[in-house]
Amino acid sequence: MSNFELKPETIAFKKRYSMVERYQTPISLIENTIKYRELETSGLMIVALSGSGKSRMTEYVRESNEYPYCAHKDHKFGIYVEAPGTSMSGFLTAILTALGDPKPSFGDLDSQKSRIITLIGELDVKVVFLDEIQVILPSSGLLPTSKVVKILKELINKTSAAWVLMGTPEAAELIEVDTQLKDRFNRLVTIPAFGCCSNEDALDFIEYLFDILESFPRKLPYFTCLNESLVEGEICYIDSVNYDNLLRFCLATNGKARGIANLLMECVEQTAENKAVTRSVLSSAFNSRFKNDANVEIDPFTASIKKVKDELKKRGLYA
């Protein structure tokens with residue numbers, strides 16, 4: 001019989017958060033937005049490609065600040081909603097579901113909006129995270145009179161919660177189309193994928209890997225280049241170090257936090273405690289998790305380094 005349970009060490013690794021500057025900066029801005037949520041400038045827009053770590057950041061903020069259990073009154077520090085690509089009613093239903101409404105799909109749009117506003121107040125919700133917000137933008141083009149603009153403005157204006165909108169780069173159009181929304185969301189944060197277009201980019205990637213691999217439950221001879229980048233305890237990009245394995249790993253994961261986590265978790269699943277993660281293990285893990293991905297044309301761990309570099313250049317991850 002197949003075992004469908006993840007190993008305990010895989011689960012423990014999955015829960016690890018990274019506090020490198022790429023994520024600490026937006027987390028600090030989220031916390032600042034929550035602090036001043038009752039002011040007009042209490043909105044924040046975060047744009048990043050899917051899989052770049054947006055939802056993990058919100059999970060960290062919510063888990064770090066969740067109210068203690070109270071038997072006499074329900075509280076929610078924050079809610080996270082991934083916008084469904086359906087209708088505005090479906091969008092409001094998703095918000096009501098996150099708020100614990102017993103009949104989230106009941107009623108017309110006005111009724112749903114009213115219940116959202118009431119519940120946010122009753123539950124003392126301090127932050128609402130709306131992810132993948134680009135999927136609710138009208139395909140015919142966004143206008144100040146678009147329904148999504150009107151609904152969001154009403155929800156934001158009639159609640160004291162901070163609203164954090166997140167999505168792919170095209171989602172930024174939402175706060176550009178309306179003057180009031182632009183004033184409210186006067187801070188836009190972009191989280192790029194990790195890449196190796198410059199020494200500085202590679203250094204950021206190395207720093208991130210050091211951070212998440214600090215308690216990795218396997219030996220990692222594959223990442224010798226990371227240790228070779230340490231000079232008296234400081235992380236440096238060193239020209240004499242061979243970073244080919246870093247480039248292979250970057251291509252395998254597209255430099256995205258989700259891809260990095262998924263690939264490393266699969267390595268843990270495929271190895272015993274006393275085994276090491278080698279290039280062949282990474283190749284096997286890559287083919288298990290990403291083989292059917294439409295973007296996968298080569299196995300980065302078996303292809304020539306020239307092909308790896310050429311593919312990275314196509315994706316804007318190497319120069």
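No experiment lies behind these values; they were computed from the predicted model shown. Atom set for the values below is all heavy atoms of this structure, side chains included, hydrogens, waters and symmetry mates excluded.
- Side-chain N/O atoms of Ser55 and Asp131 include no donor and acceptor closer than 3.5 Å.
- Note on Asp101 versus Lys103: no salt bridge recorded, every NZ/NE/NH1/NH2 to OD/OE distance being 4.0 Å or above.
- A salt bridge is defined here as a Lys NZ or Arg NE, NH1 or NH2 lying under 4.0 Å from an Asp or Glu carboxylate O, and Lys76 with Glu66 fails to meet this definition.
- The structure places CE of Met57 at 11.0 Å from OG of Ser18, a figure rounded to the nearest 0.5 Å.
- Here Arg248 does not pair with Asp244 in a salt bridge; the nearest charged N to carboxylate O distance is not below 4.0 Å.
- Taking a cutoff of 4.0 Å between a charged side-chain nitrogen and a carboxylate oxygen, Arg315 and Glu311 qualify as a salt bridge.
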Under the side chain to side chain donor-acceptor pair (under 3.5 Å) rule, what do Thr33 and Arg37 come out as? Steps first, then yes or no, please. CA-CA 6 Å; Thr33 300; Arg37 64 191 180 279; over 6 Å; no

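- Between Arg218 and Glu9, at least one side-chain N (NZ, or NE/NH1/NH2) sits under 4.0 Å from a carboxylate O, which counts as a salt bridge.
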Show the numbers, then the answer: is there a salt bridge (charged side-chain N to carboxylate O under 4.0 Å, His left out) between Arg62 and Glu59? CA-CA 5 Å; Arg62 285 179 292 129; Glu59 188 178 80; 5.2 Å; no

CA sep, side-chain torsions, deciding dist, call: Lys7, Glu269, salt bridge (charged side-chain N to carboxylate O under 4.0 Å, His left out): CA-CA 7 Å; Lys7 296 176 180 179; Glu269 288 296 300; 5.6 Å; no

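- Taking the ring centroids of Tyr23 and Tyr17, they lie at or beyond the 6.0 Å cut-off.
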Take Cys196 and Tyr243 through the test side-chain contact (heavy atoms from CB on, under 4.5 Å) and record every step on the way to the result. CA-CA 10 Å; Cys196 297; Tyr243 289 109; over 6 Å; no

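- Between Asp110 and Lys113, at least one side-chain N (NZ, or NE/NH1/NH2) sits under 4.0 Å from a carboxylate O, which counts as a salt bridge.
- Looking only at atom types and distance, the side chain of Ser280 has a donor-acceptor partner in the side chain of Thr278 under 3.5 Å away.
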Might you work through the salt bridge (charged side-chain N to carboxylate O under 4.0 Å, His left out) test for Glu207 and Arg22, ending with a clear yes or no? CA-CA 10 Å; Glu207 181 185 6; Arg22 180 165 302 203; over 6 Å; no

